[in-house]
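Convention: sequence-line order gives letters A, B, ...; per-chain numbering from 1.
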Protein chains: 2
Amino acid sequence: MIGHSPSEAARLSGFSLDTLRYYEKIGLLNGVSRTSGGRRVFTDDDLGWLGLFRCLRDTGMPIAQMCRYAELAREGEHTARERQELLERHAERVEEQMALLRRQYDHLRDKIRYYEGVSGGVRAG
Amino acid sequence: MIGHSPSEAARLSGFSLDTLRYYEKIGLLNGVSRTSGGRRVFTDDDLGWLGLFRCLRDTGMPIAQMCRYAELAREGEHTARERQELLERHAERVEEQMALLRRQYDHLRDKIRYYEGVSGGVRAG
DNA sequence: TTCCAACCTGGAGCGCGCTCCAGGTCAAGC
DNA sequence: GCTTGACCTGGAGCGCGCTCCAGGTTGGAA
């Protein structure tokens with residue numbers, strides 16, 4: 001539970017320093033503690049949140065929705081169901097996203113296969 | 001080989017009218033023919049290109065790179081190898097993208113599973 | 001004590017990919 | 001001929017998610 005410096009938090013989370021500050025500024029990251037000199041100290045719990053944000057961002061969740069989730073979590077245990085539903089709906093969108101990505105990847109592979117064949121008669125690129 | 005109206009092209013390609021015009025403006029879509037009155041007529045070949053652009057966009061290729069590809073295609077058959085390599089490199093990035101997406105999806109599902117368990121002791125959201 | 005790298009703040013700026021708008025033209029149906 | 005809706009152009013504007021900047025502070029090492 002020793003704190004982490006901003007640069008350490010950046011390294012561990014994969015977010016830039018500016019992004020960490022930005023996340024705090026918009027209220028996504030809440031209550032990050034400070035040294036007496038005013039410098040941020042990230043706890044393991046903060047890093048846990050950052051890990052979640054990393055997951056949600058990588059799967060395409062808009063920041064506004066992550067803010068909503070974080071806010072719910074701050075409101076306490078009685079919002080657990082709503083948070084769960086939020087994540088569930090997101091997971092469903094991710095599934096669609098994965099399906100689309102796979103379909104288009106297959107198209108792309110087909111296209112490449114045309115090029116691998118004899119070099120004649122390829123249309124539309 | 002009958003031409004398609006702009007709105008038809010939009011419907012068939014899934015791009016908006018504005019996007020079709022934008023793609024032509026930046027030179028991604030090239031040489032779209034016109035009626036005597038100045039209105040666009042999209043050929044099946046144009047739609048083929050739009051289908052490719054749809055595939056590439058859905059898989060996250062930046063527009064600049066699609067422009068590069070289209071330009072190469074215009075230069076003729078001798079750029080076939082370079083185009084193939086461009087697509088191949090893109091396909092590899094898509095594979096990484098899919099792997100990341102799956103990993104993060106699994107994390108997300110883990111997270112949801114915590115909520116499905118008893119409602120106690122959940123950290124970081 | 002002095003140095004310097006890491007950190008702080010508020011706010012402006014940016015890159016991307018569209019999206020919207022004003023003001024005008026075209027053409028099919030009545 | 002008139003209406004109406006689809007279309008045209010050039011250019012401004014937007015939403016997102018950062019990213020950068022200026023100018024100042026902090027704090028550990030030499």
Side-chain angles (χ1 to χ4, degrees), chain A residues 2-43 46-47 49-50 52-70 90 93 97 100 104, chain B residues 2-43 46-47 49-50 52-70 90 93 97 100 104:
Chain A
I2 281 173
H4 304 270
S5 72
S7 59
E8 215 175 332
R11 189 175 52 79
L12 292 172
S13 67
F15 291 113
S16 74
L17 287 170
D18 269 320
T19 298
L20 294 181
R21 288 194 273 257
Y22 168 70
Y23 281 1
E24 194 180 350
K25 180 151 55 180
I26 63 174
L28 181 54
L29 219 47
N30 194 259
V32 175
S33 65
R34 305 296 182 110
T35 65
S36 58
R39 293 168 178 217
R40 289 176 182 80
V41 177
F42 293 85
T43 64
D46 291 329
L47 288 176
W49 275 100
L50 288 173
L52 177 59
F53 296 155
R54 166 60 57 213
C55 168
L56 297 177
R57 288 296 296 127
D58 282 350
T59 51
M61 182 183 281
I63 284 184
Q65 214 165 120
M66 303 199 310
C67 285
R68 170 83 182 130
Y69 180 89
H90 178 61
R93 280 189 298 274
Q97 203 189 144
L100 173 62
Q104 299 293 38
Chain B
I2 280 171
H4 304 270
S5 72
S7 59
E8 215 175 333
R11 188 175 53 78
L12 293 172
S13 67
F15 291 113
S16 75
L17 287 170
D18 269 321
T19 298
L20 293 181
R21 289 193 272 259
Y22 169 69
Y23 280 1
E24 194 180 349
K25 181 150 55 178
I26 63 175
L28 181 53
L29 219 47
N30 193 257
V32 176
S33 66
R34 304 295 182 111
T35 65
S36 57
R39 293 166 177 219
R40 289 175 183 79
V41 177
F42 293 85
T43 64
D46 292 329
L47 289 177
W49 274 100
L50 288 172
L52 177 59
F53 296 154
R54 167 61 55 213
C55 168
L56 297 177
R57 288 297 296 128
D58 283 349
T59 51
M61 182 183 281
I63 284 185
Q65 213 165 122
M66 302 199 311
C67 284
R68 170 81 182 132
Y69 181 89
H90 179 59
R93 281 189 296 273
Q97 202 188 147
L100 173 62
Q104 298 293 39

(request) Would you indicate whether the side-chain heavy atoms of Leu50(B) and Leu20(B) approach each other to under 4.5 Å? (result) yes
(message) I want to confirm an ordering. Mapping Met61(B) and Asp18(B) to their closest nucleotides on DNA chain C, which one lands closer to the 5' end?
(response) Met61(B)
(request) Find the distance Glu24(A):CD to dC7(C):P and express it as a whole number of Å. (result) 14 Å
(request) Can you spot which of Ile63(B), Leu29(B), Leu28(B) makes a side-chain contact (heavy atoms from CB on, under 4.5 Å) with Tyr22(B)? (result) Ile63(B)
(request) Side chain of Lys25(A) only, please: which of dG11(D), dG17(C), dG10(C) is the nearest? (result) dG10(C)
(request) State the CD-CG distance between Gln104(A) and Leu52(B), to the nearest 0.5 angstrom. (result) 10.0 Å
(request) To the nearest Å, give me how far apart CE (Met66(A)) and P (dC16(D)) are. (result) 13 Å
(message) Please classify the nucleic acid contact of Phe15(B) as base, sugar-phosphate, or nothing, using heavy-atom distances under 4.0 Å.
(response) nothing
(request) Measure the distance from CZ on Arg34(A) to P on dG27(D) and round it to the nearest whole Å. (result) 13 Å
(message) Does a side-chain N or O of Arg39(A) approach OP1 or OP2 of dG27(D) to a distance below 4.0 Å, or not?
(response) no
(request) Report yes if a side-chain nitrogen or oxygen of Ser5(A) is closer than 4.0 Å to either non-bridging phosphate oxygen (OP1 or OP2) of dC7(C); otherwise report no. (result) yes
(request) Give the nucleotide from the list dT9(C), dC7(D), dG27(D) with an atom nearest to the side chain of Ser7(B). (result) dC7(D)
(message) Using OP1 and OP2 only, check whether a side-chain N or O of Thr19(A) sits under 4.0 Å from dG17(D).
(response) no
(request) Report the distance from atom CG of Leu47(B) to atom CZ of Arg54(B), rounding to the nearest 0.5 Å. (result) 12.5 Å
(message) With a 4.0 Å cutoff (strictly under), does any side-chain N or O of Tyr23(A) reach OP1 or OP2 of dC18(D)?
(response) yes
(request) Tell me which nucleotide among dC26(C), dG17(C), dC18(D) gets nearest to the side chain of Arg57(B). (result) dG17(C)
(request) Mind calculating the distance between CG (Leu20(B)) and P (dG17(C)) to the nearest angstrom? (result) 16 Å
(request) Using the closest heavy atom to pick a nucleotide of DNA chain D for each, name whichever of Gly37(A) or Pro62(A) lands nearer the 5' end. (result) Pro62(A)
(request) Round to the nearest Å and state the distance from Leu17(A) atom CG to dC18(D) atom P. (result) 14 Å
(message) Measure OH/Tyr22(A) against P/dG13(C) and give the value in whole Å, please.
(response) 17 Å
(request) Any chance you could measure Tyr23(A), atom OH, to Phe53(A), atom CZ, to the nearest 0.5 Å? (result) 8.0 Å
(request) Among the candidates dC8(C), dC8(D), dC18(D), find the nucleotide nearest to the side-chain atoms of Arg21(B). (result) dC8(D)
(request) Would you mind classifying the nucleic acid contact of Arg40(A) as base, sugar-phosphate or nothing, using non-hydrogen atoms under 4.0 angstrom? (result) sugar-phosphate
(message) From C-beta outward on Ser16(A), which listed nucleotide comes closest to its side chain: dG11(D), dT19(D), dG17(C)?
(response) dT19(D)
